[in-house]
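Worksheet: one structure, shown below.
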Amino acid sequence: MSMPSPLPFLIRRHSSDDLKNLTSVSSSLLPAFGTVVNGGYTHLNKFVVVPYDRRYRWWQTFLVVLVVYSAWASPFELAFKKVATGSLLPVDLLVDAFFALDIVLTFFVAYLDKSTYLLVDDHKKIAVRYLTSLWFPMDVASTLPLQALHRILTGKMYRSEAFGFLNLLRFWRLRRVGELFTRLEKDIRFSYFLTRLAKLICVTLLAVHSAGCFYYWLAVHHKEPGNTWIGVEVEDFENRNIWVGYTYSIYWSIVTLTTVGYGDLHAVNLGEKLFSICYMLFNIGLTSYLIGNMTNLIVHGAVRTYIMRDSINEILRYGSKNRLPEGLKDQMLAHMQLKFKTAELKQEEVLEDLPKAIRSSIAQHLFGQTVESAYLFKGISDDLIVQLVSAMKAEYFPPKLDIIIQNEIPTDFYILVSGSVDMISYKNGNEQVLANLESPQMAGEIAVMLNIPQPFTVRTKRLSQVIRISHHHFKQILQSNNEDGKILLSNFTEHLKGLKRGEQNEIPYFAEFLEDINTERTEPNEKQNQRVPYHGDQKMEGRPKASKQFPPTNPIRVIIHGHHPDESTEDGNSMGKLILLPKSIEELFGVAGKRFGKRGSSILMADGSKIEDLNVLREGDHLFFV
């Protein structure tokens, strides 16, 4: 067994608790493929620092604090040379020592190969990559204490301006602050608004501080100190307290940045005027950057409100232009308002970018129990439940909104998750409430199963959440689940038998369907399961009929007539009778004899063609016995 590393940061490839919140991980520090999160050590070289290790991340955060000090001290020491060789010198040396340690540590930090997205832990490759990049020379140049080294080598304190400008190389360290803000903006544990606001404040403070220090440096190095912006106000300012000069400098910088321009401090000589011109041009860009970012942050919170108001206005204009009834316009407005209020609860918007397996697992967790409790799916296999739930969509409906309209073509059916709906029938222009449905009852499934127009209007009583599945997906899923289809058909038949008399009367061919299904269920219909479903449009009882077919485990339904296709019955009723297609032509003649009192000798289609093989028939065909 290998001994653990004695150094706290030099660890093997192990994430421990470092990735409990992946939202805090920068895109450049994501775990490489093959890394086991919370799963123990993996095989990396010894003495390698994992870039997303929690301790290394704390080290980087500590360096950011030192960067803030460096960004303040560098221009300050340029303007006020006394502190550069006095009180701030020990602090500078200590800060440089920490950054020197970080340079050494970088030779042991694994990096993410952008071509393979794997962590590279080879020490030679890590060193070559760092030494050949711009980062190494700039890190060294910004870390070397040149003034202290000159004093050690020569034994003299050299106060050259060159050291002050070389110290400005410490601004290179500001990239760490930028990386920190980039990571915080992606971390949902922190407010995006406050993070961006803090970033803008830091940028502004850095600009004000740096400009003020440079402006003071111009005054100090002018050949006539009295002929400078601060010299005309403060006599012998060079020998005054350092903080007096710094206060005047920051005051001038802020007044110029905000374009107030009181006039008490102004450029006097040519050099100051040129610097002021450059600073004011820079302020134009900085102000635009600040205003643009603040505008985006403020407007971002109101975008959805603007969109909602525009959508409502469009609905009002549409309703007025087309003279829609007030009740219908109220339903449209209520639905639009609910859409925006429940936007964060919508499944599609939240889940559309997730892998299918994750979406299915979430849907199963949210709606699996509801689907299992629905009468139609009781007793079916778990596999079919998973397939059905994955194909379902969740929706919200406000009160008094029609989900289904009577006599419309069935395209979906619904399972109630919460809320309540009424089943309504229209008779002689009057509404009649037939039943009230609550979770986990279903709506619209009768029309889909029987392939008939919707027999009821379904209207919400209060705010309701439903899950729906289209007839197309429903048919596709059932095609590979014959045994479950039989259970489903049995559940559906039992449900029809339990309907109230008023509901049964609204379903076309209700009695014929129950009679034929009870007959056919006593015999297997293996051949009929192999029939090619018909996808054309038919008509039944003078109303449009959907092309959705009954589940493939059920026999084909046809409409039979006891007369020639070119003739009509004596009572003028030529709609015929809906039956389930038997297994043979002889049985079909027998059914016709029971229905019309005569068997006939031939079976014709609507176009007059003669039927000789039942396998050519499709769902909803009209057959004429002559």
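If you're wondering where the values come from, they're calculated on a predicted model, not measured in any experiment. Any value given below was found using the heavy atoms of this structure, including those in side chains, with hydrogens, waters and symmetry copies removed.
A salt bridge links Arg468 with Glu395: the distance from a Lys NZ or Arg NE/NH1/NH2 to an Asp or Glu carboxylate oxygen falls below 4.0 Å.
Under the 30°/60° scheme for interplanar angles, the aromatic rings of His563 and His561 are found to stand perpendicular. Aromatic ring pairs are classed by plane angle as parallel below 30°, tilted from 30° to 60° and perpendicular above 60°; the pair Tyr414 and Phe397 is perpendicular.
Checking side-chain atoms of Thr460 against main-chain N and O of Leu463 turns up no donor-acceptor pair under 3.5 Å. Of the possible donor and acceptor atoms, one in the side chain of Gln504 sits under 3.5 Å from a partner among the backbone N and O of Leu499. One N or O on the side chain of Asn436 and one on the backbone of Val421 form a donor-acceptor pair closer than 3.5 Å.
There is a side-chain donor-acceptor pair under 3.5 Å between Glu506 and Ser425. Between the side chains of Thr457 and Asp402, not a single donor N or O lies within less than 3.5 Å of an accepting N or O.
Under the side-chain hydrogen bond (donor to acceptor under 3.5 Å, both in side chains) test applied with Tyr375, the options Glu445, Glu494, Gln441 reduce to a single match, Glu445.
Around the CZ atom of Arg317, the shell of radius 6.0 Å holds more than 12 heavy atoms that belong to other residues, nucleotides or ligands. Environment of OH in Tyr318: sparse, with no more than 12 heavy atoms of neighbouring residues, nucleotides or ligands closer than 6.0 Å. A 6.0 Å sphere centred on CD of Gln432 holds more than 12 heavy atoms belonging to other residues, nucleotides or ligands.
Centroid-to-centroid, the aromatic rings of Phe413 and Phe474 come within less than 6.0 Å.
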